[in-house]
Amino acid sequence: MIPAYRYALYLAPVGAWRDLGRTWLGRCEDTGALLPRANSVDSRVDEWTRAPRRYGLHATLKAPFRLRDGHSAAALDQAVRAFAAKQAPFGIPLRRESLRGFLAWCIDDKHALSRMNALASAAVADLDAFRAPPEPAELARRQPQRLSPAQREMLARWGYPYAFDTFTFHITLTGQLDDAAMREAQAQLDALENAALQCPMPVNAVSLYVEPEPGADFVVARHYGFDGTTRDGAGARFLTTQVDAQYA
């Protein structure tokens with residue numbers, strides 16, 4: 001089996017959040033298929049969502065990484081199964097925010113935020129044995145000169161500047177926008193979001209996404225329910241164990 005170029009542990013939104021997010025980005029993260037847009041959606045949404053569309057709808061827990069020499073995708077699969085089995089479900093109220101120049105859904109509750117931060121921190125640490133050290137070009141793309149000292153420390157130690165104390169949970173909805181585009185995108189989302197999004201989003205699984213080859217779009221390999229069940233996405237071929245169970 002040829003491994004994927006990179007793997008990432010993400011939180012895949014579910015329910016109404018997944019449905020609206022997929023429609024907004026115009027792509028299904030499970031299949032990789034492009035999705036048609038409603039006639040009411042501004043044509044500029046394609047440009048606004050170009051960057052997050054490549055990664056698929058998600059929130060980062062452990063950022064994309066290459067497998068370390070001597071570690072297999074099958075072993076990573078087993079490690080994520082074990083990691084998910086240790087977790088307990090919870091819910092997260094979400095609200096849309098402007099974050100570092102882009103729009104995202106962020107957590108709107110201190111207790112839920114604390115639980116999510118603990119989940120993300122555990123993912124970063126527990127799976128780090130599988131992460132190959134970043135190459136100099138990868139580090140340079142993070143523009144460390146623009147990072148805070150704490151973020152540079154995280155980049156050096158964990159290969160990603162936003163972890164532990166510098167982590168901010170978010171489900172990315174746009175790329176970088178200027179002020180005018182930000183206002184226009186906000187208005188478009190105001191028209192699409194509805195009462196179904198007022199309920200907390202369940203967190204009952206984590207998901208491995210894969211980048212099959214450099215520059216390719218990310219796609220789900222496998223979802224891992226906290227109850228021990230799994231569900232495969234189109235990228236499951238980059239893992240060796242086939243599982244047919246479904247998680248609720």
Side-chain angles (χ1 to χ4, degrees), residues 6-13 17 21 25 29 49 51-68 76 79-80 83-84 86-88 90-178 182 200-201 203 205-211 218:
R6 289 194 296 175
Y7 295 79
L9 192 72
Y10 287 160
L11 178 73
W17 302 95
L25 294 186
E29 67 281 0
T49 59
R53 184 163 55 248
R54 179 183 168 232
Y55 290 87
L57 186 68
H58 76 281
T60 298
L61 299 177
K62 187 167 183 64
F65 59 92
R66 291 173 293 103
L67 283 177
R68 184 185 294 270
L76 175 62
V80 177
F83 175 82
K86 295 187 295 184
Q87 312 306 322
F90 58 101
I92 50 173
L94 297 173
R95 68 180 177 194
R96 185 173 8 110
E97 296 183 7
S98 174
L99 183 68
R100 300 195 299 270
F102 60 90
L103 291 176
W105 285 324
C106 300
I107 295 177
D108 190 24
D109 177 84
K110 290 184 178 180
H111 177 68
L113 182 60
S114 178
R115 294 198 65 177
M116 180 57 68
N117 288 349
L119 177 66
S121 294
V124 169
D126 288 11
L127 301 177
D128 206 54
F130 292 92
R131 179 181 62 87
E135 297 175 346
E138 293 175 295
L139 293 174
R141 281 196 294 272
R142 294 291 181 185
Q143 296 184 301
Q145 71 278 7
R146 296 188 177 184
L147 300 175
S148 70
Q151 291 165 348
R152 288 196 295 272
E153 181 180 348
M154 293 299 167
L155 180 62
R157 173 61 184 87
W158 303 104
Y160 188 60
Y162 309 110
F164 298 95
D165 290 344
T166 61
F167 173 73
T168 300
F169 173 89
H170 61 281
I171 300 169
T172 306
L173 298 172
T174 72
Q176 293 286 323
L177 303 177
D178 61 27
M182 180 75 73
M201 189 181 78
V203 176
V206 294
S207 304
L208 266 181
Y209 286 43
V210 294
E211 181 184 11
F218 281 72

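Residues take their numbers from the sequence shown, with the count starting at 1.
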Atom pair [atom1]/[atom2] of [X] and [Y] - distance to nearest 0.5 Å:
X	Y	atom1	atom2	value
R6	F218	CZ	CZ	4.0 Å
C106	L94	SG	CG	8.5 Å
L25	R53	CG	CZ	7.5 Å
L9	L127	CG	CG	6.0 Å

According to the salt bridge (Lys or Arg N to Asp or Glu O under 4.0 Å) rule, which pairs have a member within residues 95-108, sequence neighbours left out? R95-E97, R95-D108, R96-D190, R96-E193

Salt bridge (Lys or Arg N to Asp or Glu O under 4.0 Å): pairs with one or both residues in residues 121-136, sequence neighbours excluded: K62-D128, K86-D126, D128-R131, D128-R157

Could you list the residues that satisfy side chain to side chain donor-acceptor pair (under 3.5 Å) with [X], not counting sequence neighbours?
X	answer
Q87	none
T166	none
R66	E138

Any residue meeting salt bridge (charged side-chain N to carboxylate O under 4.0 Å, His left out) with D165, in chain and number order, not counting sequence neighbours: none

G56 and E29 have their tightest heavy-atom pair at CA-CB, 4.1 Å

Can I get a per-line list of side-chain donor-acceptor pairs under 3.5 Å for residues 142-150, giving both atom names and the distance, sequence neighbours left out?
from: S148; atom 1: OG; to: Q151; atom 2: N; distance (Å): 3.1
from: S148; atom 1: OG; to: Q151; atom 2: OE1; distance (Å): 3.4

Using ring pair (Phe, Tyr, Trp, His ring centres under 6.0 Å) as the criterion, list what pairs up with [X], not counting sequence neighbours.
X	answer
F65	none
Y10	H58, Y209
F83	none

How would you list all residue pairs meeting side chain to side chain donor-acceptor pair (under 3.5 Å) that involve residues 109-124, not counting sequence neighbours? none

Kindly list each side-chain donor-acceptor pair under 3.5 angstrom involving residues 168-175, sequence neighbours excluded, with atom names and distances?
from: H170; atom 1: ND1; to: T168; atom 2: O; distance (Å): 2.7
from: T174; atom 1: OG1; to: L103; atom 2: N; distance (Å): 3.0

